2 protein chains.
Amino acid sequence: MRTLKYAILGLINRNSMTGYDLMKEFNTDLVNFWYASHSQIYPELKKLTKEGLITYTTVIQGEKMEKKLYSITDEGRSDFISWIREQDLLEPTPKDIFRLKTYFIESMDKSLMINHFNYQLVQRLEKLKKLENTMKDHPYAKKLGKIGSAKYGDYIVLKGAIMRERTYIQWLEECISEMENN
Amino acid sequence: MRTLKYAILGLINRNSMTGYDLMKEFNTDLVNFWYASHSQIYPELKKLTKEGLITYTTVIQGEKMEKKLYSITDEGRSDFISWIREQDLLEPTPKDIFRLKTYFIESMDKSLMINHFNYQLVQRLEKLKKLENTMKDHPYAKKLGKIGSAKYGDYIVLKGAIMRERTYIQWLEECISEMENN
DNA sequence: GTATACATGTAAAAAGTTACATGATTTT
DNA sequence: AAAATCATGTAACTTTTTACATGTATAC
């Protein structure tokens, strides 16, 4: 469905930016729901340029380093807007290797499975801590933003990521406790 | 990481089965954490056979319809066991188109965003109901299973899927209520 | 007899990952 | 001077999806 296309259009629609800037966005804010690497981004930018949905101007950084600053075209913007207006059917449930391994729990002994669960738990707690720190510094969480601004979307998905992470942790903890008491 | 390979090995390790049986598994139980279609399964079965991890016997169904009943080999089993013993690092956060759209909420007006959220909510409530019905009929939920059995893994991931779904719904509801009161 | 389920494959395209490849700029 | 970051690309491969393709068996 060319979702990467719309993720890029949406970002460039907010602000003109380079491929490198996009890459950073995909690695920070968007990492919680849409990751993309530079090897996917650069070819897509080329394609979108050819399709007339974005254009770029070459900017010189320092002495001679060239970078391409991309902007959205009217055509790009209206394509993006019609994408965002579409209602979406539920996607297939995301894949999860850990849940798959858990499903095959009969092939593990008790100590191994508790080990696996604890290892996941440590990592998820670490991840949650980072998300909560991001939230702590977020302007909307400090009541500085308002609904309808770009920062509101940012806030709302961050909140969702924290809820998702807490639930995963709760599941891990409940499983561990159940396994230890049986 | 060839996860599909291990999903198939794990299932065949439980019971000998055909490609069609596998397909049904991937579409029912496993759909909540690892989906695969028949066009992925059949080539993988061929590959695993060539690698000596599984073998098959041809069974005649009815008059002449041939089906291939796959079994795991010792080599396949030990490969599977070493996979299941591995500790896993956290995977990248799964992609989610709806969260991506939500992130770009500044490009929607209030009624459109509430509409989108409600549409998701209806679908997720439906999905949750199905999961809860599956749980209701589950032997472990009726205290008929015990930890360590294959059904326990089944139960534990189903429980996780329900928790995940409830949290998604809670997120949707909180967002709707916040949007309606602002 | 007809519809649904059983049963197995391949082909082409799209999406995503990992590795290869290069060079400039800024910070320490 | 070295390390980190900025900056942009391609190649090869893996994974996944969608479409094409065919035929049998069973339940109603």
Side-chain angles (χ1 to χ4, degrees), chain A residues 1-9 12 16-28 30-31 33-51 54 56-70 89-97 100, chain B residues 1-8 11-12 16-28 30-31 33-51 54 56-70 89-97 100:
Chain A
M1 297 166 306
R2 301 203 54 195
T3 309
L4 177 63
K5 164 184 162 179
Y6 294 107
I8 290 175
L9 286 179
I12 296 180
S16 293
M17 54 179 89
T18 66
Y20 193 80
D21 294 332
L22 285 165
M23 188 197 72
K24 280 188 296 178
E25 292 287 328
F26 281 109
N27 274 286
T28 53
L30 275 75
V31 85
F33 47 91
W34 208 275
Y35 171 80
S37 66
H38 80 279
S39 61
Q40 235 189 321
I41 294 166
Y42 288 112
E44 188 65 33
L45 285 171
K46 205 174 222 176
K47 197 175 177 185
L48 293 174
T49 304
K50 215 169 101 186
E51 290 171 335
I54 55 175
Y56 67 87
T57 51
T58 303
V59 175
I60 303 292
Q61 183 85 354
E63 280 293 297
K64 56 177 170 177
M65 196 173 73
E66 292 188 350
K67 60 179 186 182
K68 290 175 182 168
L69 190 64
Y70 288 93
L89 291 172
L90 246 48
E91 295 173 75
T93 310
K95 296 187 172 181
D96 185 329
I97 298 176
L100 177 65
Chain B
M1 295 166 308
R2 301 202 54 196
T3 309
L4 177 63
K5 164 183 162 180
Y6 294 106
I8 290 174
L11 287 168
I12 297 179
S16 293
M17 54 179 88
T18 66
Y20 193 80
D21 294 332
L22 284 165
M23 190 197 69
K24 280 189 296 178
E25 291 287 328
F26 281 108
N27 275 286
T28 53
L30 275 74
V31 85
F33 47 91
W34 206 274
Y35 171 80
S37 66
H38 80 279
S39 61
Q40 234 188 322
I41 294 166
Y42 289 112
E44 188 66 32
L45 284 170
K46 204 172 223 179
K47 197 175 177 185
L48 293 175
T49 305
K50 215 169 102 186
E51 291 171 333
I54 55 176
Y56 67 87
T57 52
T58 303
V59 175
I60 304 292
Q61 185 85 354
E63 281 292 296
K64 56 177 170 176
M65 196 173 72
E66 291 188 351
K67 60 179 185 180
K68 290 175 182 169
L69 189 64
Y70 289 92
L89 290 172
L90 247 46
E91 294 174 75
T93 311
K95 297 188 171 179
D96 184 328
I97 297 176
L100 178 64

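Quick caveat: nothing in here was measured; it's all calculated off a predicted structure. Just so it is clear: chains get the letters A, B, ... in the order the sequence lines come, proteins before strands, and each one is counted from 1.
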What is the separation between atom [atom1] on [X] and atom [atom2] on [N], rounded to the nearest whole Å?
{"X": "A:M1", "N": "D:dT17", "atom1": "CE", "atom2": "C1'", "result": "10 Å"}
{"X": "B:K5", "N": "D:dT14", "atom1": "NZ", "atom2": "C1'", "result": "14 Å"}
{"X": "A:E66", "N": "D:dT8", "atom1": "CD", "atom2": "C1'", "result": "11 Å"}
{"X": "A:E44", "N": "D:dG9", "atom1": "CD", "atom2": "C1'", "result": "15 Å"}
{"X": "B:F26", "N": "D:dT17", "atom1": "CZ", "atom2": "P", "result": "12 Å"}
{"X": "A:D21", "N": "D:dC6", "atom1": "CG", "atom2": "P", "result": "9 Å"}
{"X": "B:Y6", "N": "D:dT15", "atom1": "OH", "atom2": "P", "result": "11 Å"}
{"X": "B:Y35", "N": "D:dT17", "atom1": "OH", "atom2": "P", "result": "7 Å"}

Report yes if some heavy atom in the side chain of [X] is under 4.5 Å from a heavy atom in the side chain of [Y]; otherwise report no.
{"X": "B:T18", "Y": "B:D21", "value": "yes"}
{"X": "A:F26", "Y": "A:L4", "value": "yes"}
{"X": "B:E66", "Y": "B:V59", "value": "no"}
{"X": "A:T49", "Y": "A:Y70", "value": "yes"}

Margin query: So, does A:Y20 get its side chain near the phosphate of D:dT8, meaning an N or O under 4.0 Å from OP1 or OP2?
Written below: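 Checking A:Y20 against D:dT8: no side-chain N or O falls below 4.0 Å of OP1 or OP2.
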
Note to self: Does C:dG16 have its OP1 or OP2 closer than 4.0 Å to a side-chain nitrogen or oxygen of B:K95?
What the structure shows: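 Yes, B:K95 has a side-chain N/O under 4.0 Å of OP1/OP2 on C:dG16.
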
Item checked: First of B:L69 and A:S37 reached from the 5' end of DNA chain C, by closest nucleotide ->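 Closest to the 5' end, via its nearest nucleotide, is B:L69.
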
Item checked: Residue mapping more 5' on DNA chain C - nearest nucleotide basis, A:Q40 or B:L45 ->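 Its nucleotide being nearer the 5' end, the pick is B:L45.
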
Check: Does A:S39 make a side-chain donor-acceptor contact with the base of C:dT18, cut-off 3.5 Å?
Finding: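 Yes.
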
Check: Nearest of D:dA7, D:dT17, C:dG16 to any side-chain atom of A:Y42?
Finding: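 Comparing D:dA7, D:dT17, C:dG16 against the side chain of A:Y42, the answer is D:dA7.
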
Margin query: Assuming nearest nucleotide by heavy-atom distance, tell me which of B:K47 and A:K46 is located more 5' along DNA chain D.
Written below: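 Comparing both residues, the 5'-ward one is A:K46.
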
Next item on the list: Flag yes if more than 12 heavy atoms outside B:Y42 fall under 6.0 Å of its OH atom; otherwise flag no.
Entry: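 For B:Y42, atom OH is crowded (more than 12 foreign heavy atoms under 6.0 Å).
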
Next item on the list: For the pair A:E91 (side chain) and B:I97 (backbone), establish whether a donor and an acceptor sit closer than 3.5 Å, ignoring hydrogens and angles.
Entry: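 It does hold such a pair.
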
Checklist line | Heavy-atom protein contacts under 4.0 Å, nucleotides 21-28 of chain D, coded B base, S sugar-phosphate only, - none | finding: --BBS---

Next item on the list: May I ask you to say what A:T18 touches in the nucleic acid, namely base, sugar-phosphate or nothing, with a heavy-atom cut-off under 4.0 Å?
Entry: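 The answer is sugar-phosphate, as A:T18 gets under 4.0 Å only of primed atoms, P, OP1 or OP2.
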
Note to self: Show the nearest heavy-atom pair for residues A:Y35 and B:K95, with the distance to one decimal.
What the structure shows: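 Scanning both residues, the minimum pair turns out to be O-NZ, 3.0 Å.
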
